[in-house]
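Predicted model, so just to flag it, every value in this text is computed and none were measured.
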Amino acid sequence: MKEKIYITTPIYYVNDVPHIGHAYTTIIADTFARFKRLQGHDTYFMTGTDEHGQKIEQAARGRGKTPKEYADEISSKFRSLWDEFEISYDHFIRTTDEEHKLTAQNVFAKLQANGDIYKGEYEGFYCVSCETFFTQTQLLDDNCCPDCGKKTNIVKEESYFFRLSKYQDALLKWYEQDELCVIPKGKKNEVISFVKSGLKDLSITRTSFDWGIKLPASANDPKHVMYVWLDALVNYITTLGYSRDEKLMDYWQNATHIVGKDILRFHAIYWPAFLMGLGLKLPKHIAAHGWWTRNGEKMSKSKGNVINPKEVADAYGLENFRYFMLREVPFGQDGDFSQKALIERINSELGNGLGNLLNRIIGMSGKYSDFKIDAANTIKFYGDELILAKEHLDAAMENLEILSTNRYLEEVWKVVTIANGVIAKYEPWVMIKQGKTDEANALVALCANLLAKISILLTPAMPKTCAKIADALGFDINERSYDELIVRNDVRNFISKPTEPLFPRIEQELMPSATPTDILKQEPSKDDNIVTIDDFAKIVIKVGEVLECEKVEESDKLLKFKIDLGEEKPRQILSGIAKFYDPGSLIGKQVCVLSNLKDRTMMKKYVSQGMILTAEDGSLTLLGAHKKVKNGAIVG
C-alpha cells in the first residue's frame with residue numbers, strides 16, 4: 001500500500017558552517033527519502049536551520065553583526081551545500097521564517113490553554129553552548145557541562161514551565177509498546193534509563209536575552225522569549241502547516257526523525273511530550289546516529305582536523321563520499337574518517353566489485369551476442385542464484401527501513417559478490433568453447449539482471465552512478481522497474497553498450513592531511529591551544545611575489561598562482577579565494593606562503609606546491625609583508 005511519508009533531518013544550529021556530521025545526517029535522510037519515492041510512496045523531506053538563542057546572539061555580537069545578519073550568512077551556507085550535493089529536500093525551513101514564529105506561538109498558546117504550561121521561577125546551572133540547564137549532581141568538576149565540558153553559570157530568572165513530569169509514565173509506555181519508536185535499540189535503552197530516573201518540569205522561556213520568538217499575545221508577557229528547543233522542535237510541524245494551513249499534515253501520520261546522538265534526549269523525550277500535550281500522533285521512528293572522528297582522533301578546530309564535506313566530495317567524488325559515509329559505520333555507532341579507508345572502499349568495493357561487474361557484462365555480451373542480452377534460459381540454468389540474490393536484496397530493504405545503512409549496503413554487495421562469483425565459477429568463455437552457448441548467454445543475462453537489481457536498490461545511495469549503469473544496460477530506474485525486478489523478482493532482456501569506467505583507481509590521497517598551518521588558522525580552545533617552539537620550528541613560511549594568477553575553469557573558488565619564492569623556478573599554488581579577489585589585482589603583490597607543505601593534487605590534475613596564508617574575520621585577507629622584502633624572505 002502506498003503511503004504518505006515524512007522524513008526530517010534536524011534543523012542545524014547556525015553557530016558554525018556545515019561539517020561532516022551534518023553531511024552524514026543529511027545523506028542518510030536523502031537516501032531514505034529517495035528509497036521511499038522509488039517504492040512509490042508520497043514522500044515529503046525537510047531540512048533547515050535553527051537560528052535563535054543566546055549563543056547565536058553572542059556570536060553575532062562578536063562579529064559586529066545583528067543576529068539575523070549572522071543567521072542569514074550561515075543558513076545560506078547550509079542551503080548552498082545541500083543544493084550542491086543535490087539533496088532532494090522538499091522544504092528548507094528557517095526558524096526565523098514568519099510562518100514558524102506564528103506556529104510556535106500557536107503551540108505555546110495551546111499548551112498553556114491545556115494546562116501544560118505554568119509560570120514560576122528557575123534557578124540552576126546553565127550552559128550557554130548547549131542552551132540547557134543542569135542540576136548540581138549532573139555537572140562535571142568545576143561546575144562544567146556534562147555534554148560539552150564548558151563552564152556553566154548559575155542563572156536565576158522568572159520562567160514558564162512545561163509539565164514534563166506529567167508525561168513520564170506515558171513516555172515509558174510508548175517506549176515499551178513501540179519497539180522501533182527510538183532506534184537503534186541501544187540508544188532507546190539510554191532514553192528509557194534517563195526517563196526512569198525521574199523527569200522534572202522543563203523551563204521553556206528565557207528573559208536574559210532577546211534573540212528568540214516572543215510569547216503569543218494571549219500570554220501578555222513580552223519580556224519572555226521561547227526556549228530554543230521548544231522553538232526548534234516545533235519546526236517539524238511548522239513545515240506541514242500545523243495550526244495555520246494544515247493541508248500537509250497528513251504526512252505527519254508517518255514521520256521519521258533522523259538526528260545525531262547528542263540531541264536524542266530532546267527528540268525522544270521533550271518532543272514526544274510536547275506532541276502528547278498537543279494531542280498529535282507520535283513519530284514512527286526517532287533514529288540517532290553516532291559521531292565521526294578523523295584518523296582515530298576527535299575533530300576540533302584547534303587540532304585543525306575538522307572535515308569539510310565539500311572538500312572530500314570535490315576530491316573523491318560526491319557519490320563515492322556518499323557510499324563511504326553510509327557503508328563505513330553501523331548506524332548508531334561512532335565512525336572514523338580516514339582517506340585510507342575511503343580509498344580502499346572506492347578501489348575495492350566500488351571499482352573491483354561494482355565497476356568490474358559492469359565491465360565484464362558489457363565485454364561478454366559484446367563478444368558473445370553483439371551486446372544483446374537474452375534472459376530466456378536464465379531461470380532454467382541459474383534459478384538458485386536468483387533466489388539467493390532475492391534473499392539478500394530483501395534483507396537490504398529491511399535494513400534500510402530501520403536506517404541501518406551499512407547493513408543495507410552490505411546485503412547489496414553480497415549480490416555483487418554472487419554475480420562476480422558465478423563468472424569465476426562457471427567460466428562462460430570455456431562454455432563458449434565447449435559449444436554451451438545457451439548456458440553462457442544465460443549466465444551473462446543472470447549477471448545483467450543481478451546488476452540491474454543492484455543498481456535499482458543502490459540508486460537511493462548513489463543515484464547518478466546507478467543511472468549510468470542503467471543507461472549502459474538500456475533500461476530506466478523508476479517505480480515500474482522497481483516493481484518488476486525487485487518486488488516480483490522478474491528477469492528481463494537488455495541491450496548493453498560500452499561505457500567509461502565508473503570508478504577510476506585512486507593511487508594516492510587526494511586531500512592534504514592536517515598540518516601545523518591548520519593549527520595556526522583555527523581558533524584555540526582552552527584544552528588544546530599550546531604548541532612548543534619545536535612544533536613551530538617545523539613550519540617554514542616565506543614571502544613571495546605573485547607572477548601570474550588566473551581562475552581555475554572547473555572551480556568557482558580556486559585561483560591558480562605562479563609565485564616567486566626566491567627559488568630556482570616559481571611555484572604553482574592553488575588557493576580557494578576566487579570569491580574574494582580578482583586575479584588581475586593580485587599580480588605583483590607579495591604574499592606569505594607555507595613553503596614546506598607536502599605537494600597535493602587538486603581537481604585530479606593540478607599540483608599545488610604550498611599554501612597561501614590568509615586571515616578571516618567574516619571577510620578574507622591575504623597575509624603579506626608590511627613593506628617590500630626580498631622574495632624568499634623567511635617569516636619567523
**OP:** Evaluate whether atom NZ of Lys569 has more than 12 neighbouring non-hydrogen atoms of other residues, nucleotides or ligands under 6.0 angstrom away.
**Re:** no
Original post:
Any sub-3.5 Å donor-acceptor pair from Asn406's side-chain atoms to Glu328's backbone N or O?
Top reply: no
Subject >> 4.5 Å side-chain heavy-atom contact, Ile11 and Met46 >> reply: yes
Original post:
Looking only at atom types and distance, does a side-chain atom of Asp142 sit under 3.5 Å from a main-chain N or O of Cys144, one as donor and one as acceptor?
Top reply: no
Subject >> CZ on Arg505 to CG on Asn347, rounded to 0.5 Å >> reply: 4.0 Å
**OP:** Determine the minimum heavy-atom distance between Phe561 and Cys549, stating which atoms define it.
**Re:** CE2-SG, 3.6 Å
Original post:
Are any non-hydrogen side-chain atoms of Arg322 and Tyr24 less than 4.5 angstrom apart?
Top reply: no
**OP:** Ignoring hydrogens and angles, tell me if any N or O in the side chain of Asn153 forms a donor-acceptor pair with the backbone of Val155 under 3.5 Å.
**Re:** no
**OP:** Assert yes or no for the condition that the ring centre distance of Tyr12 to Phe78 is strictly below 6.0 Å.
**Re:** yes
Original post:
Is the closest side-chain donor-acceptor distance between His257 and Thr8 under 3.5 Å?
Top reply: yes
Subject >> Option from Glu411, Glu349, Glu344 for which salt bridge (charged side-chain N to carboxylate O under 4.0 Å, His left out) with Arg327 holds >> reply: Glu349
Subject >> Rounded distance [0.5 Å steps], CD1 in Ile20 versus CD1 in Ile307 >> reply: 4.0 Å
Original post:
Do any N or O atoms from the side chain of Ser80 and from the backbone of Ser76 form a donor-acceptor pair under 3.5 angstrom?
Top reply: yes
Subject >> More than 12 heavy atoms from other groups under 6.0 Å of NZ on Lys261 >> reply: yes
**OP:** Would you check if Glu73 and Lys65 make a side-chain contact, meaning some heavy-atom pair closer than 4.5 Å?
**Re:** yes
Original post:
Of the non-hydrogen atoms in Gln339 and Pro512, which two are nearest, and what is the gap between them?
Top reply: NE2-O, 4.1 Å
Original post:
Looking just at side-chain N and O atoms, do Asn15 and Tyr70 make a donor-acceptor pair shorter than 3.5 Å?
Top reply: no
**OP:** Not counting sequence neighbours, which residues clear side-chain hydrogen bond (donor to acceptor under 3.5 Å, both in side chains) with Lys562? List them please.
**Re:** none
**OP:** Find out whether Asp50 and Arg94 are in side-chain contact, i.e. whether some heavy atom of one side chain is under 4.5 Å from a heavy atom of the other.
**Re:** no
Original post:
Which atom names give the shortest non-hydrogen contact between Val543 and Cys592, and what distance separates them?
Top reply: CG2-SG, 4.4 Å
Subject >> Reported CD1-to-CG distance for the pair Ile573 and Leu559, which is rounded to 0.5 angstrom >> reply: 12.5 Å
**OP:** Pick out which of Thr25, Asp30, Thr47 makes a side chain to side chain donor-acceptor pair (under 3.5 Å) with Thr9.
**Re:** Thr47
Original post:
Rounded to the nearest 0.5 Å, how far does CD1 of Ile477 lie from OG1 of Thr459?
Top reply: 4.0 Å
**OP:** Report the distance from atom CD1 of Ile541 to atom CG of Leu623, rounding to the nearest 0.5 Å.
**Re:** 8.5 Å
Subject >> Donor-acceptor pair, side chain of Asn305 and main chain of Lys298, under 3.5 angstrom >> reply: yes
**OP:** Could you verify whether a donor N or O on one side chain and an acceptor N or O on the other, from Arg571 and Ser595, lie under 3.5 Å apart?
**Re:** no
Subject >> Under 3.5 Å side-chain donor-acceptor pair for Asp336 and Thr293 >> reply: yes
Original post:
Do the non-hydrogen side-chain atoms of Ile634 and Lys542 ever get within less than 4.5 Å of each other?
Top reply: yes
**OP:** For Lys68, check side-chain hydrogen bond (donor to acceptor under 3.5 Å, both in side chains) against everything at least two apart and list the hits.
**Re:** Asp72
Original post:
Do the ring centers of Phe35 and Tyr408 come within less than 6.0 Å of each other?
Top reply: no
**OP:** List the atom of Tyr316, the atom of Met511, and the distance in Å for their closest heavy-atom pair.
**Re:** CE1-SD, 3.8 Å
**OP:** Classify the side-chain pair Glu319/Thr465 by whether it contains a donor and acceptor separated by less than 3.5 Å.
**Re:** yes
**OP:** Kindly say whether the aromatic ring centers of Trp292 and Phe337 come within a distance under 6.0 Å.
**Re:** no
Original post:
Once you round to the nearest 0.5 Å, how far does CG of Leu350 lie from CD1 of Ile506?
Top reply: 9.0 Å
